Q: 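Please read through the structure below; I'll follow up with questions.
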Amino acid sequence: MSNSPRLIACVATVLCGIALGCPLALAQNCGADLAGAQRIESPDYLVAFRTRPAKIAVGEHFSVEFALCARGSARVPEAVAVDARMPEHHHGMNYKPTVKKVADHYRADGLMFHMPGRWELGFDLDAGEKKEHLAHSISVK
Ligand SMILES: [Cu+2]
């Protein structure tokens, strides 16, 4: 891994949290190492993600690589879960993805869209008292 200033800033931000008032200039660079990532933004958080493979096939497992960044004085989430559902059909996936930290981003493995249609890929951020759900719509044929 390189010792880029961005990585150091990222690690420092995670380590020091909100109490020390670390500079969170991070949001602009969120997911900079994930080429082609899409962004989901809320006032407090930003998720930059890409799927692997990029084109999701119905009935085949895929992964999601993502970076999670806090904006302003928002507290860095302690935990994040990834899930997906079909809002129109009122059901989720048949599999529960696992999330692990990989270098300065995360990777969720074991997702599968088992039917065609519109899915909502969701990220559940848990920053203690504050919980937030960020979602992105993905249609598969
Ligand atoms: Cu469905």
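Throughout, numbering of the chain's residues begins at 1 and tracks the sequence. Keep in mind the model is a prediction, meaning the values are calculated, not measured. Atoms within each ligand, like the ligands themselves, are counted from 1 in listed order.
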Q: At the Cu ion (ligand 1), what angle lies between atom SD of M115 and atom SD of M86, rounded to 10 degrees?
A: 100°

Q: Tell me which N, O or S atom of H91 sits nearest to the Cu ion (ligand 1).
A: NE2

Q: I'd like to know if D109 and R107 make a salt bridge, using a cut-off of under 4.0 Å between side-chain N and carboxylate O.
A: yes

Q: Please walk me through it: do Y106 and F49 pass ring pair (Phe, Tyr, Trp, His ring centres under 6.0 Å)?
A: CA-CA 9 Å; Y106 294 90; F49 77 94; over 10 Å; no

Q: Could you walk me through whether R75 and D44 pass the salt bridge (charged side-chain N to carboxylate O under 4.0 Å, His left out) test, one step at a time?
A: CA-CA 8 Å; R75 191 166 154 190; D44 288 338; over 6 Å; no

Q: Would one find an N, O or S atom of H89, in either backbone or side chain, under 2.8 Å from the Cu ion (ligand 1)?
A: yes

Q: Flag the pair E65 and R50 as a salt bridge only when some basic side-chain nitrogen lies within less than 4.0 angstrom of an acidic carboxylate oxygen.
A: yes

